[in-house]
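One structure below.
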Amino acid sequence: MFEEVCKTIEEYELMDHNATVVVGVSGGPDSLALLHILHRLQSIYKLKIVAAHVDHMFRGEQSKEEMEFVLSFCRTLNIICEARQINVKAYAQKHRLNAQTAARECRYQFFQEMMEKYQAHFLALGHHGDDQIETILMRLVRGTVGKGLSGIPIKRSFAGGFIIRPLLWVTKTDIIQYCQEHKLNPRFDPSNEKDTYSRNRFRKYVLPFLKKENPKVHVHFQYFSELVAEDEQFLEELSIEKMNKVLERKTSSYVMMNLTEFKKLPSPLQRRVIHLILNYLFKGHRLTAVSSIHIEGIKKLIHQSHPSGMIDLPMGLKAIKSYETLNLTFEQHKPKPYRIQIEIPSVTNLPDGKKIICETFNGVPSYKSQDVFYLPQDQLVEPLIVRSRKAGDKIHVKGMNGTKKVKNIYIEKKIPIEKRDVWPIIEDGNGNILWIPLLKKSKYEVIDVTNQSYIVLQYKEQ
Ligand SMILES: Nc1ncnc2c1ncn2[C@@H]1O[C@H](COP(=O)(O)OP(=O)(O)OP(=O)(O)O)[C@@H](O)[C@H]1O
(Lines give C-alpha, C1' and ligand atoms only; values in the text may rest on other atoms or scores of the structure.)
Protein backbone atom coordinates (compact mmCIF):
# COMPACT_ATOMS: atom_id res chain seq x y z
CA MET A 1 0.00 0.00 0.00
CA PHE A 2 2.85 2.39 0.77
CA GLU A 3 4.01 2.25 -2.87
CA GLU A 4 0.46 2.78 -4.15
CA VAL A 5 0.02 5.88 -1.97
CA CYS A 6 3.44 7.26 -3.02
CA LYS A 7 2.43 6.77 -6.64
CA THR A 8 -0.83 8.68 -6.05
CA ILE A 9 1.01 11.53 -4.35
CA GLU A 10 3.40 11.84 -7.25
CA GLU A 11 0.88 11.42 -10.05
CA TYR A 12 -1.57 13.95 -8.69
CA GLU A 13 1.12 16.28 -7.37
CA LEU A 14 -0.38 16.09 -3.90
CA MET A 15 2.77 17.27 -2.17
CA ASP A 16 5.51 19.86 -2.66
CA HIS A 17 8.99 19.72 -1.22
CA ASN A 18 9.35 21.73 2.00
CA ALA A 19 5.56 21.89 2.38
CA THR A 20 3.73 22.13 5.69
CA VAL A 21 0.97 19.53 5.94
CA VAL A 22 -1.81 19.45 8.50
CA VAL A 23 -3.12 15.89 8.84
CA GLY A 24 -6.63 15.31 10.18
CA VAL A 25 -6.21 12.42 12.60
CA SER A 26 -9.24 10.90 14.29
CA GLY A 27 -7.33 7.98 15.76
CA GLY A 28 -9.08 5.53 13.44
CA PRO A 29 -7.19 3.24 11.03
CA ASP A 30 -7.47 5.48 7.94
CA SER A 31 -6.02 8.66 9.31
CA LEU A 32 -3.50 6.82 11.48
CA ALA A 33 -2.14 4.96 8.46
CA LEU A 34 -2.10 8.21 6.51
CA LEU A 35 -0.14 9.98 9.23
CA HIS A 36 2.30 7.08 9.41
CA ILE A 37 2.86 7.13 5.63
CA LEU A 38 3.38 10.89 5.55
CA HIS A 39 5.81 10.53 8.44
CA ARG A 40 7.77 8.02 6.36
CA LEU A 41 7.85 10.54 3.51
CA GLN A 42 8.84 13.40 5.78
CA SER A 43 12.56 13.31 5.07
CA ILE A 44 12.13 12.68 1.32
CA TYR A 45 9.83 15.68 0.85
CA LYS A 46 11.30 17.65 3.78
CA LEU A 47 7.81 18.05 5.18
CA LYS A 48 6.64 19.81 8.28
CA ILE A 49 3.80 17.69 9.65
CA VAL A 50 1.12 18.86 12.08
CA ALA A 51 -1.49 16.38 13.26
CA ALA A 52 -4.89 17.94 14.06
CA HIS A 53 -7.42 16.09 16.19
CA VAL A 54 -10.94 17.10 17.21
CA ASP A 55 -12.73 15.49 20.11
CA HIS A 56 -16.40 16.03 19.27
CA MET A 57 -17.30 15.11 22.88
CA PHE A 58 -19.96 12.68 21.68
CA ARG A 59 -18.79 9.73 23.72
CA GLY A 60 -17.47 11.22 26.98
CA GLU A 61 -14.47 9.36 28.38
CA GLN A 62 -14.10 7.14 25.35
CA SER A 63 -13.55 10.02 22.94
CA LYS A 64 -11.25 11.69 25.43
CA GLU A 65 -9.24 8.50 25.52
CA GLU A 66 -9.00 8.65 21.71
CA MET A 67 -7.60 12.15 21.96
CA GLU A 68 -4.99 10.96 24.49
CA PHE A 69 -4.14 8.13 22.14
CA VAL A 70 -3.57 10.48 19.17
CA LEU A 71 -1.45 12.78 21.35
CA SER A 72 0.74 9.93 22.54
CA PHE A 73 0.99 8.39 19.04
CA CYS A 74 2.29 11.73 17.75
CA ARG A 75 4.69 12.05 20.68
CA THR A 76 6.32 8.73 19.82
CA LEU A 77 6.77 9.83 16.19
CA ASN A 78 7.87 13.29 17.30
CA ILE A 79 5.05 14.99 15.37
CA ILE A 80 3.40 18.23 16.53
CA CYS A 81 -0.19 17.50 17.54
CA GLU A 82 -2.97 20.03 17.96
CA ALA A 83 -6.00 18.59 19.72
CA ARG A 84 -9.20 20.37 20.69
CA GLN A 85 -12.35 19.38 22.50
CA ILE A 86 -15.41 20.96 20.92
CA ASN A 87 -18.91 20.72 22.31
CA VAL A 88 -20.53 19.75 19.01
CA LYS A 89 -23.93 19.01 20.60
CA ALA A 90 -24.20 22.62 21.80
CA TYR A 91 -23.03 23.90 18.41
CA ALA A 92 -25.64 21.74 16.65
CA GLN A 93 -28.42 23.08 18.88
CA LYS A 94 -27.33 26.68 18.43
CA HIS A 95 -27.18 26.43 14.64
CA ARG A 96 -30.07 23.95 14.27
CA LEU A 97 -27.94 21.33 12.54
CA ASN A 98 -27.88 17.56 12.78
CA ALA A 99 -24.97 16.12 14.75
CA GLN A 100 -23.05 14.89 11.70
CA THR A 101 -23.21 18.23 9.87
CA ALA A 102 -22.32 20.13 13.03
CA ALA A 103 -19.31 17.84 13.65
CA ARG A 104 -18.15 18.40 10.10
CA GLU A 105 -18.49 22.20 10.34
CA CYS A 106 -16.60 22.30 13.66
CA ARG A 107 -13.86 20.03 12.31
CA TYR A 108 -13.30 22.06 9.16
CA GLN A 109 -13.26 25.32 11.14
CA PHE A 110 -10.55 23.84 13.33
CA PHE A 111 -8.60 22.55 10.32
CA GLN A 112 -8.76 25.99 8.74
CA GLU A 113 -7.55 27.60 11.93
CA MET A 114 -4.62 25.17 12.08
CA MET A 115 -3.73 25.76 8.43
CA GLU A 116 -3.61 29.47 9.09
CA LYS A 117 -1.66 29.06 12.33
CA TYR A 118 1.06 26.96 10.68
CA GLN A 119 0.75 28.59 7.25
CA ALA A 120 0.20 25.13 5.87
CA HIS A 121 -0.10 24.32 2.18
CA PHE A 122 -1.98 21.06 2.55
CA LEU A 123 -4.64 19.42 4.68
CA ALA A 124 -4.37 15.65 4.30
CA LEU A 125 -7.44 13.53 5.09
CA GLY A 126 -7.83 9.77 5.27
CA HIS A 127 -10.74 9.18 2.85
CA HIS A 128 -10.13 5.98 0.88
CA GLY A 129 -11.50 4.02 -2.06
CA ASP A 130 -14.38 2.45 -0.13
CA ASP A 131 -15.48 5.91 1.09
CA GLN A 132 -15.52 6.96 -2.56
CA ILE A 133 -17.79 4.05 -3.58
CA GLU A 134 -20.17 4.75 -0.68
CA THR A 135 -20.31 8.48 -1.44
CA ILE A 136 -21.05 8.07 -5.14
CA LEU A 137 -23.69 5.39 -4.56
CA MET A 138 -25.38 7.36 -1.77
CA ARG A 139 -25.57 10.42 -3.99
CA LEU A 140 -26.94 8.45 -6.92
CA VAL A 141 -29.60 6.95 -4.70
CA ARG A 142 -30.44 10.39 -3.27
CA GLY A 143 -30.89 11.85 -6.77
CA THR A 144 -27.80 14.03 -7.04
CA VAL A 145 -26.99 15.18 -10.57
CA GLY A 146 -23.98 16.78 -12.23
CA LYS A 147 -20.74 17.51 -10.50
CA GLY A 148 -21.88 16.05 -7.15
CA LEU A 149 -21.78 12.59 -8.72
CA SER A 150 -18.01 12.79 -8.95
CA GLY A 151 -17.90 12.08 -5.21
CA ILE A 152 -14.82 12.97 -3.19
CA PRO A 153 -12.14 15.02 -4.97
CA ILE A 154 -8.55 13.89 -4.59
CA LYS A 155 -7.33 17.52 -4.45
CA ARG A 156 -9.30 20.70 -3.96
CA SER A 157 -8.71 24.25 -2.78
CA PHE A 158 -9.13 24.96 0.92
CA ALA A 159 -8.03 27.76 3.25
CA GLY A 160 -5.45 29.19 0.88
CA GLY A 161 -4.02 25.72 0.17
CA PHE A 162 -5.39 22.31 -0.76
CA ILE A 163 -7.23 19.40 0.80
CA ILE A 164 -5.50 16.24 -0.39
CA ARG A 165 -6.67 12.65 -0.07
CA PRO A 166 -3.79 10.32 -0.88
CA LEU A 167 -5.68 7.13 0.12
CA LEU A 168 -8.42 7.27 -2.51
CA TRP A 169 -6.82 4.54 -4.65
CA VAL A 170 -6.59 2.04 -1.77
CA THR A 171 -9.23 0.11 0.18
CA LYS A 172 -10.16 -0.24 3.81
CA THR A 173 -8.73 -3.78 3.75
CA ASP A 174 -5.37 -2.43 2.51
CA ILE A 175 -5.42 0.11 5.33
CA ILE A 176 -6.24 -2.40 8.08
CA GLN A 177 -3.47 -4.62 6.80
CA TYR A 178 -1.04 -1.68 6.81
CA CYS A 179 -2.00 -0.86 10.40
CA GLN A 180 -1.41 -4.47 11.42
CA GLU A 181 1.96 -4.67 9.66
CA HIS A 182 3.14 -1.53 11.40
CA LYS A 183 1.44 -2.30 14.71
CA LEU A 184 -0.40 1.01 14.71
CA ASN A 185 -3.19 -0.19 16.99
CA PRO A 186 -5.88 2.28 15.83
CA ARG A 187 -9.08 3.12 17.71
CA PHE A 188 -12.39 2.02 16.23
CA ASP A 189 -15.36 4.39 16.42
CA PRO A 190 -18.44 2.30 17.36
CA SER A 191 -20.74 4.75 15.52
CA ASN A 192 -19.25 3.41 12.26
CA GLU A 193 -21.22 0.21 12.90
CA LYS A 194 -24.63 1.76 13.55
CA ASP A 195 -27.32 0.90 11.00
CA THR A 196 -29.02 4.25 11.65
CA TYR A 197 -26.54 6.04 9.38
CA SER A 198 -27.13 5.68 5.67
CA ARG A 199 -23.38 5.44 4.95
CA ASN A 200 -23.02 2.53 7.36
CA ARG A 201 -25.85 0.65 5.62
CA PHE A 202 -24.15 1.06 2.24
CA ARG A 203 -20.86 -0.11 3.79
CA LYS A 204 -22.45 -3.11 5.42
CA TYR A 205 -24.91 -4.29 2.76
CA VAL A 206 -23.85 -2.96 -0.64
CA LEU A 207 -20.06 -2.91 -0.59
CA PRO A 208 -19.55 -6.62 0.19
CA PHE A 209 -21.66 -7.52 -2.83
CA LEU A 210 -19.76 -5.15 -5.15
CA LYS A 211 -16.39 -6.34 -3.90
CA LYS A 212 -17.42 -9.94 -4.44
CA GLU A 213 -18.40 -9.10 -8.01
CA ASN A 214 -15.10 -7.33 -8.57
CA PRO A 215 -12.44 -6.99 -5.88
CA LYS A 216 -11.02 -4.01 -7.80
CA VAL A 217 -14.34 -2.17 -7.90
CA HIS A 218 -12.83 0.81 -6.04
CA VAL A 219 -10.47 1.42 -8.97
CA HIS A 220 -13.43 1.73 -11.34
CA PHE A 221 -15.30 4.05 -9.01
CA GLN A 222 -12.23 6.25 -8.59
CA TYR A 223 -11.78 6.36 -12.34
CA PHE A 224 -15.49 7.18 -12.76
CA SER A 225 -15.16 9.95 -10.19
CA GLU A 226 -12.30 11.59 -12.04
CA LEU A 227 -13.99 11.29 -15.44
CA VAL A 228 -17.20 12.84 -14.13
CA ALA A 229 -15.23 15.65 -12.48
CA GLU A 230 -13.37 16.35 -15.71
CA ASP A 231 -16.49 16.20 -17.91
CA GLU A 232 -18.42 18.37 -15.52
CA GLN A 233 -15.71 20.99 -15.40
CA PHE A 234 -15.64 21.17 -19.18
CA LEU A 235 -19.44 21.36 -19.41
CA GLU A 236 -19.57 23.96 -16.66
CA GLU A 237 -17.16 26.24 -18.51
CA LEU A 238 -19.20 25.82 -21.68
CA SER A 239 -22.41 26.48 -19.77
CA ILE A 240 -21.04 29.69 -18.24
CA GLU A 241 -20.18 30.92 -21.71
CA LYS A 242 -23.66 30.05 -23.01
CA MET A 243 -25.37 31.45 -19.92
CA ASN A 244 -23.81 34.84 -20.55
CA LYS A 245 -25.31 34.79 -24.03
CA VAL A 246 -28.86 33.99 -22.96
CA LEU A 247 -28.99 36.38 -19.99
CA GLU A 248 -30.42 39.77 -20.79
CA ARG A 249 -30.42 41.16 -17.26
CA LYS A 250 -28.96 39.98 -13.97
CA THR A 251 -29.10 41.27 -10.41
CA SER A 252 -28.69 39.31 -7.18
CA SER A 253 -32.47 38.77 -6.96
CA TYR A 254 -33.55 38.85 -10.58
CA VAL A 255 -32.56 37.27 -13.87
CA MET A 256 -34.06 37.76 -17.35
CA MET A 257 -33.38 35.14 -19.98
CA ASN A 258 -33.84 35.21 -23.76
CA LEU A 259 -35.69 32.01 -24.61
CA THR A 260 -35.11 32.19 -28.36
CA GLU A 261 -31.37 31.88 -27.67
CA PHE A 262 -31.85 29.42 -24.82
CA LYS A 263 -33.86 26.98 -26.95
CA LYS A 264 -30.99 26.79 -29.45
CA LEU A 265 -28.78 25.12 -26.79
CA PRO A 266 -28.51 21.33 -26.64
CA SER A 267 -30.50 19.81 -23.79
CA PRO A 268 -27.51 19.04 -21.46
CA LEU A 269 -26.42 22.67 -21.65
CA GLN A 270 -29.97 23.91 -21.09
CA ARG A 271 -30.10 21.96 -17.84
CA ARG A 272 -26.71 23.23 -16.74
CA VAL A 273 -27.49 26.84 -17.59
CA ILE A 274 -30.64 26.65 -15.45
CA HIS A 275 -28.61 25.00 -12.69
CA LEU A 276 -25.99 27.76 -12.78
CA ILE A 277 -28.63 30.48 -12.67
CA LEU A 278 -30.43 28.85 -9.74
CA ASN A 279 -27.16 28.42 -7.85
CA TYR A 280 -26.42 32.08 -8.48
CA LEU A 281 -29.86 33.25 -7.29
CA PHE A 282 -29.90 30.94 -4.26
CA LYS A 283 -26.40 31.96 -3.21
CA GLY A 284 -26.59 33.17 0.37
CA HIS A 285 -29.93 31.43 0.96
CA ARG A 286 -28.42 28.43 2.77
CA LEU A 287 -30.00 26.06 0.25
CA THR A 288 -27.60 23.16 0.01
CA ALA A 289 -28.59 21.65 -3.30
CA VAL A 290 -30.68 22.72 -6.22
CA SER A 291 -32.86 19.75 -6.95
CA SER A 292 -33.32 18.24 -10.39
CA ILE A 293 -37.08 18.67 -9.83
CA HIS A 294 -36.65 22.45 -9.99
CA ILE A 295 -34.45 22.29 -13.07
CA GLU A 296 -36.87 20.01 -14.91
CA GLY A 297 -39.82 22.17 -13.79
CA ILE A 298 -38.26 25.26 -15.37
CA LYS A 299 -37.33 23.37 -18.53
CA LYS A 300 -40.91 22.16 -18.89
CA LEU A 301 -42.25 25.69 -18.41
CA ILE A 302 -39.93 26.98 -21.13
CA HIS A 303 -40.85 24.27 -23.63
CA GLN A 304 -44.60 24.13 -23.00
CA SER A 305 -46.67 25.34 -25.96
CA HIS A 306 -48.52 27.96 -23.91
CA PRO A 307 -46.70 31.27 -24.32
CA SER A 308 -47.00 32.29 -20.68
CA GLY A 309 -46.96 30.64 -17.27
CA MET A 310 -45.37 30.67 -13.86
CA ILE A 311 -43.94 28.21 -11.34
CA ASP A 312 -43.00 28.64 -7.69
CA LEU A 313 -39.52 27.62 -6.55
CA PRO A 314 -37.97 27.42 -3.05
CA MET A 315 -37.38 30.58 -0.98
CA GLY A 316 -40.11 32.54 -2.78
CA LEU A 317 -38.33 32.48 -6.15
CA LYS A 318 -40.67 32.58 -9.13
CA ALA A 319 -40.03 31.56 -12.75
CA ILE A 320 -42.30 33.56 -15.05
CA LYS A 321 -42.48 32.81 -18.75
CA SER A 322 -43.86 35.32 -21.16
CA TYR A 323 -43.39 34.56 -24.85
CA GLU A 324 -39.65 34.56 -25.54
CA THR A 325 -38.62 35.79 -22.09
CA LEU A 326 -38.16 33.95 -18.79
CA ASN A 327 -37.89 35.99 -15.61
CA LEU A 328 -36.58 34.40 -12.44
CA THR A 329 -37.29 36.73 -9.57
CA PHE A 330 -37.60 37.04 -5.81
CA GLU A 331 -39.13 40.47 -6.32
CA GLN A 332 -42.84 40.47 -5.67
CA HIS A 333 -43.73 43.95 -6.88
CA LYS A 334 -46.69 44.26 -9.22
CA PRO A 335 -46.89 47.59 -11.05
CA LYS A 336 -49.39 49.98 -9.46
CA PRO A 337 -52.50 50.85 -11.52
CA TYR A 338 -52.50 54.48 -12.73
CA ARG A 339 -54.91 57.07 -14.10
CA ILE A 340 -53.64 60.43 -15.36
CA GLN A 341 -55.61 63.31 -16.87
CA ILE A 342 -54.26 64.60 -20.21
CA GLU A 343 -54.38 68.37 -20.57
CA ILE A 344 -54.62 69.93 -24.03
CA PRO A 345 -51.85 70.71 -24.87
CA SER A 346 -49.44 68.76 -22.61
CA VAL A 347 -46.68 66.19 -22.35
CA THR A 348 -47.58 63.33 -19.99
CA ASN A 349 -44.89 60.98 -18.68
CA LEU A 350 -46.00 57.37 -18.34
CA PRO A 351 -44.96 54.56 -15.94
CA ASP A 352 -43.64 52.50 -18.87
CA GLY A 353 -40.98 55.17 -19.40
CA LYS A 354 -42.63 56.64 -22.52
CA LYS A 355 -44.70 59.82 -22.93
CA ILE A 356 -47.93 61.04 -24.52
CA ILE A 357 -47.74 64.38 -26.34
CA CYS A 358 -51.12 66.01 -26.77
CA GLU A 359 -51.65 69.00 -29.12
CA THR A 360 -54.28 70.60 -31.29
CA PHE A 361 -53.90 70.23 -35.04
CA ASN A 362 -55.40 72.30 -37.78
CA GLY A 363 -55.57 70.81 -41.25
CA VAL A 364 -56.16 67.35 -42.70
CA PRO A 365 -53.80 64.77 -41.17
CA SER A 366 -51.77 62.89 -43.73
CA TYR A 367 -49.47 60.91 -41.38
CA LYS A 368 -51.20 57.74 -40.23
CA SER A 369 -49.51 55.36 -37.90
CA GLN A 370 -50.05 53.27 -34.76
CA ASP A 371 -48.05 55.73 -32.64
CA VAL A 372 -50.32 58.70 -33.36
CA PHE A 373 -54.07 59.19 -32.90
CA TYR A 374 -56.30 61.95 -34.34
CA LEU A 375 -59.53 62.80 -32.57
CA PRO A 376 -61.83 65.23 -34.33
CA GLN A 377 -62.35 68.31 -32.11
CA ASP A 378 -66.13 67.99 -32.38
CA GLN A 379 -65.94 64.42 -30.99
CA LEU A 380 -63.89 65.40 -27.93
CA VAL A 381 -65.47 64.58 -24.57
CA GLU A 382 -63.21 65.86 -21.80
CA PRO A 383 -61.33 64.94 -19.76
CA LEU A 384 -58.98 62.74 -21.74
CA ILE A 385 -57.41 60.10 -19.51
CA VAL A 386 -54.44 57.79 -19.87
CA ARG A 387 -54.64 54.80 -17.57
CA SER A 388 -53.60 51.19 -16.99
CA ARG A 389 -55.90 48.35 -17.96
CA LYS A 390 -58.97 47.32 -16.00
CA ALA A 391 -60.69 43.96 -15.98
CA GLY A 392 -63.29 43.77 -18.72
CA ASP A 393 -61.86 46.63 -20.83
CA LYS A 394 -63.38 46.69 -24.34
CA ILE A 395 -62.68 48.83 -27.39
CA HIS A 396 -64.81 49.68 -30.44
CA VAL A 397 -62.17 48.78 -32.98
CA LYS A 398 -61.86 51.07 -35.97
CA GLY A 399 -63.38 49.49 -39.05
CA MET A 400 -65.13 46.73 -37.11
CA ASN A 401 -68.63 46.24 -35.83
CA GLY A 402 -69.03 45.69 -32.10
CA THR A 403 -66.34 45.63 -29.45
CA LYS A 404 -63.23 43.63 -28.74
CA LYS A 405 -61.75 42.65 -25.38
CA VAL A 406 -58.49 44.50 -24.65
CA LYS A 407 -57.13 41.31 -23.07
CA ASN A 408 -57.48 39.50 -26.40
CA ILE A 409 -55.59 42.28 -28.17
CA TYR A 410 -52.66 41.81 -25.74
CA ILE A 411 -52.69 38.10 -26.45
CA GLU A 412 -52.87 38.54 -30.23
CA LYS A 413 -50.02 41.05 -30.16
CA LYS A 414 -47.97 38.82 -27.80
CA ILE A 415 -47.54 41.50 -25.17
CA PRO A 416 -45.63 40.01 -22.21
CA ILE A 417 -47.63 39.72 -18.99
CA GLU A 418 -45.42 42.12 -17.03
CA LYS A 419 -45.92 44.81 -19.71
CA ARG A 420 -49.71 44.51 -19.80
CA ASP A 421 -50.12 46.14 -16.40
CA VAL A 422 -48.34 49.31 -17.49
CA TRP A 423 -49.42 49.51 -21.13
CA PRO A 424 -51.28 52.87 -21.63
CA ILE A 425 -54.94 53.04 -22.58
CA ILE A 426 -56.46 56.38 -23.62
CA GLU A 427 -60.12 57.00 -22.84
CA ASP A 428 -62.42 60.01 -23.08
CA GLY A 429 -64.80 61.61 -20.58
CA ASN A 430 -67.51 59.07 -21.43
CA GLY A 431 -65.19 56.22 -20.53
CA ASN A 432 -64.86 55.09 -24.15
CA ILE A 433 -61.46 53.67 -25.02
CA LEU A 434 -60.08 55.78 -27.85
CA TRP A 435 -56.70 54.23 -28.41
CA ILE A 436 -54.25 51.61 -27.19
CA PRO A 437 -50.96 53.07 -28.43
CA LEU A 438 -49.09 50.88 -30.95
CA LEU A 439 -51.78 48.19 -30.74
CA LYS A 440 -55.32 49.31 -31.67
CA LYS A 441 -57.30 52.42 -32.61
CA SER A 442 -61.00 52.87 -31.97
CA LYS A 443 -63.75 53.98 -34.29
CA TYR A 444 -63.41 57.47 -32.73
CA GLU A 445 -60.48 58.30 -35.00
CA VAL A 446 -62.23 59.68 -38.07
CA ILE A 447 -60.13 61.55 -40.60
CA ASP A 448 -62.29 63.52 -42.95
CA VAL A 449 -61.12 66.04 -45.58
CA THR A 450 -64.00 68.33 -44.62
CA ASN A 451 -62.74 68.49 -41.04
CA GLN A 452 -59.75 70.76 -40.36
CA SER A 453 -59.63 70.59 -36.58
CA TYR A 454 -58.22 67.72 -34.48
CA ILE A 455 -56.65 66.76 -31.16
CA VAL A 456 -53.48 64.81 -31.91
CA LEU A 457 -51.97 62.35 -29.43
CA GLN A 458 -48.49 60.93 -29.94
CA TYR A 459 -46.90 58.03 -28.06
CA LYS A 460 -43.15 58.53 -27.91
CA GLU A 461 -39.90 57.38 -26.33
CA GLN A 462 -38.51 59.83 -23.76
N1 LIG B 1 -12.25 13.82 14.91
C2 LIG B 1 -11.41 14.01 13.91
N3 LIG B 1 -10.27 14.71 14.11
C4 LIG B 1 -9.43 14.91 13.09
N5 LIG B 1 -9.61 14.46 11.84
C6 LIG B 1 -10.72 13.76 11.60
C7 LIG B 1 -11.68 13.50 12.61
N8 LIG B 1 -12.68 12.79 12.07
C9 LIG B 1 -12.35 12.61 10.78
N10 LIG B 1 -11.19 13.18 10.48
C11 LIG B 1 -10.49 13.21 9.17
O12 LIG B 1 -11.44 13.06 8.13
C13 LIG B 1 -11.24 11.83 7.45
C14 LIG B 1 -12.54 11.23 7.06
O15 LIG B 1 -13.35 11.12 8.16
P16 LIG B 1 -14.43 10.00 8.30
O17 LIG B 1 -15.10 10.17 9.60
O18 LIG B 1 -15.23 9.98 7.05
O19 LIG B 1 -13.49 8.75 8.22
P20 LIG B 1 -13.24 7.51 9.13
O21 LIG B 1 -13.57 6.35 8.29
O22 LIG B 1 -13.84 7.66 10.45
O23 LIG B 1 -11.64 7.68 9.18
P24 LIG B 1 -10.66 7.24 10.32
O25 LIG B 1 -10.46 5.76 10.13
O26 LIG B 1 -9.41 8.02 10.06
O27 LIG B 1 -11.34 7.61 11.60
C28 LIG B 1 -10.45 10.98 8.42
O29 LIG B 1 -9.74 9.99 7.76
C30 LIG B 1 -9.57 12.01 9.05
O31 LIG B 1 -8.50 12.36 8.19
Side-chain angles (χ1 to χ4, degrees), residues 1 5 14 21-39 49-59 62-71 73-74 79-89 91 98-115 120 122-136 138-139 151-156 158-159 162-168 170-180 182 184-194 197-200 202-204 207 218:
M1 178 173 109
V5 177
L14 299 187
V21 189
V22 172
V23 189
V25 185
S26 64
D30 313 338
S31 48
L32 215 58
L34 175 65
L35 182 65
H36 193 261
I37 290 172
L38 292 178
H39 177 67
I49 297 177
V50 179
H53 174 83
V54 175
D55 173 4
H56 300 120
M57 299 171 75
F58 283 146
R59 287 172 286 118
Q62 194 182 5
S63 48
K64 203 167 161 203
E65 194 275 325
E66 275 166 20
M67 183 171 84
E68 297 301 338
F69 166 72
V70 173
L71 283 164
F73 184 88
C74 291
I79 292 172
I80 304 167
C81 184
E82 293 273 0
R84 184 175 295 169
Q85 289 189 289
I86 302 177
N87 188 343
V88 174
K89 248 186 212 154
Y91 181 91
N98 66 43
Q100 293 296 312
T101 312
R104 196 177 174 280
E105 277 191 16
C106 292
R107 217 160 51 229
Y108 278 76
Q109 277 167 20
F110 178 64
F111 290 152
Q112 175 156 3
E113 204 185 301
M114 290 305 111
M115 284 193 67
F122 299 104
L123 167 65
L125 299 176
H127 298 91
H128 50 77
D130 293 5
D131 291 329
Q132 184 70 291
I133 302 176
E134 289 158 20
T135 303
I136 292 173
M138 278 166 65
R139 291 192 184 168
I152 311 170
I154 206 156
K155 185 176 183 180
R156 76 160 168 99
F158 179 75
F162 294 96
I163 290 183
I164 54 166
R165 295 179 169 104
L167 303 187
L168 277 177
V170 301
T171 64
K172 186 81 179 185
T173 312
D174 298 331
I175 291 169
I176 298 288
Q177 204 181 328
Y178 183 92
C179 288
Q180 281 165 357
H182 294 86
L184 300 187
N185 193 20
R187 296 302 185 253
F188 287 89
D189 178 351
S191 68
N192 282 345
E193 304 301 324
K194 278 197 212 160
Y197 295 123
S198 166
R199 180 177 289 280
N200 296 349
F202 275 88
R203 181 177 308 143
K204 206 161 144 187
L207 256 67
H218 67 287

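One-based numbering, in listed order, for ligands and for the atoms of each. When a residue number appears, it is its place in the shown sequence, counting from 1. Worth saying up front: this structure is predicted, and the values here are computed from it rather than measured.
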Once you restrict to heavy atoms under 4.0 Å, what part of L32 touches ligand 1? Side chain, backbone, both or neither. neither

With a 4.5 Å limit on heavy-atom distance, are the side chains of Y178 and V5 in contact? no

Any side-chain heavy atom of R84 sitting closer than 4.5 Å to one from M114? yes

Please check this pair: side chain of H128 against backbone of D130, looking for a donor-acceptor N/O pair closer than 3.5 Å. yes

For atom 20 (P) of ligand 1, is there a protein heavy atom at a distance under 4.0 Å? yes

Below 3.5 Å, N or O to N or O, backbone or side chain included: is there any such pair between H128 and ligand 1? no

Parallel, tilted or perpendicular, as decided by the 30° and 60° cut-offs, for the rings of F73 and H36: tilted

Under a heavy-atom criterion of less than 4.0 Å, does H56 contact ligand 1? yes

Backbone or side-chain N or O of G126 under 3.5 Å from ligand 1 N or O: yes

For ligand 1 and G24, I'd like to know whether there is a polar contact (N/O to N/O, distance under 3.5 Å). yes

Which protein non-hydrogen atom lies closest to atom 24 (P) of ligand 1, naming both residue and atom, and how far is it? S26 OG, 3.3 Å

Quick one: nearest non-hydrogen protein atom to atom 22 (O) of ligand 1, plus distance? N192 ND2, 4.0 Å

Would you check whether S31 has a nitrogen or oxygen atom less than 3.5 angstrom from a nitrogen or oxygen atom of ligand 1? yes

Within the structure provided, determine whether M1 and I37 are in side-chain contact (heavy-atom separation under 4.5 Å). yes

Taking the side chain as everything from C-beta on, heavy atoms only, tell me whether L34 gets closer than 4.5 Å to D30. no

Would you say that R203 contacts K172 through its side chain, given a criterion of any heavy-atom pair below 4.5 Å between the two side chains? no

Residue selection (non-hydrogen contact nearest atom 18 (O) of ligand 1) among H127, K172, R187: H127

Taking heavy atoms and a distance under 4.0 Å, where does A52 meet ligand 1: side chain, backbone, both or neither? backbone

Just by modelled atom types, is the I152 backbone N or O under 3.5 Å from a matching donor or acceptor in the Q132 side chain? yes

Any idea which protein heavy atom is nearest atom 9 (C) of ligand 1, and the distance to it? R107 NE, 3.8 Å

Name the closest protein heavy atom to atom 12 (O) of ligand 1, giving the residue it belongs to and the distance to 0.1 Å. L125 CD2, 4.0 Å

Looking only at non-hydrogen atoms, the one of V22, D30, I86 nearest atom 25 (O) of ligand 1 is D30

Selection from D131, V54, V25 by shortest heavy-atom distance to atom 1 (N) of ligand 1: V54

Examine F111 against ligand 1 and note whether any of their N/O atoms are separated by less than 3.5 Å. no

Say whether, by atom type as modelled, one donor and one acceptor occur between the side chain of T135 and the main chain of G151 under 3.5 angstrom. no

Within the structure provided, determine whether E66 and D55 are in side-chain contact (heavy-atom separation under 4.5 Å). no

